[in-house]
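A short write-up of the structure that comes next.
Since we're looking at a predicted model, the values are computed, not measured.
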Amino acid sequence: MREAPNYGEFYPKSLVPINKDDLLIFLEKVTDFECCDNYSHWLIALEGRAMGTGEDYYHWQVVVFPAEIGGGFDYKHPLYVSSFFLSIEEAIDYTSEVERIASDGQLYTIAG
């Protein structure tokens, strides 16, 4: 569970319908089942965090959140958080890969 949303460098990329296999993995990870009633999609997003205090250099992660069809999402219970990328270009490329994996209903293979 995440403590607070990171909206400073947060870029939602796409909504992908949730496949039943991915939903089962998500439900195994979450203890608050009431949070999950309205979610039908994954929100795939790119998050950046400053590498040090006062620096303009960021490292990036791809994060997958459960979401509603309208785009509302639960930042506290991401299904998947990637390792950090030092290049935004690499992170964007990986976001495309995660979108493909989610579209194929195979997120459980990287989020397991």
What's the shortest heavy-atom distance between [X] and [Y], and which atoms?
| X | Y | answer |
| --- | --- | --- |
| Glu99 | Ser14 | OE2-OG, 3.0 Å |
| Pro12 | Ala45 | CA-CB, 4.0 Å |
| Lys76 | Asp74 | N-OD1, 2.9 Å |
| Leu46 | Lys13 | N-CG, 4.4 Å |
| Trp42 | Ala102 | CD1-CB, 4.4 Å |
| Pro78 | Pro66 | CA-CD, 4.4 Å |

Worksheet item: Looking at Val64, Thr95, Ile110, Val62, which hits side chain to side chain contact (heavy atoms under 4.5 Å, CB included) with Ser82?
Response: Val62
Hydrophobic clusters here meaning ILVMFWY residues chained together by side-chain heavy-atom distances under 4.5 Å, can you tell me if [X] and [Y] are in one?
| X | Y | value |
| --- | --- | --- |
| Val16 | Ile69 | no |
| Tyr11 | Val98 | yes |
| Phe65 | Phe84 | no |

Inter-residue atom distance [X].[atom1] - [Y].[atom2], 0.5 Å rounding:
| X | Y | atom1 | atom2 | answer |
| --- | --- | --- | --- | --- |
| Asp22 | Thr109 | CG | OG1 | 8.0 Å |
| His59 | Arg49 | NE2 | CZ | 7.0 Å |
| Asn19 | Leu107 | CG | CG | 9.0 Å |
| Ile44 | Glu97 | CD1 | CD | 10.5 Å |
| Tyr39 | Phe73 | OH | CZ | 9.0 Å |

Discussion item. So if I apply the ring-ring contact (aromatic ring centres under 6.0 Å, His included) rule between Phe85 and each of Tyr94, Tyr58, Trp60, which one comes out positive?
Written reply: Tyr94
Practice prompt. Verify, without hydrogens or angle tests, whether Glu47 (side chain) and Phe10 (backbone) share a donor-acceptor contact under 3.5 angstrom.
Written response: no
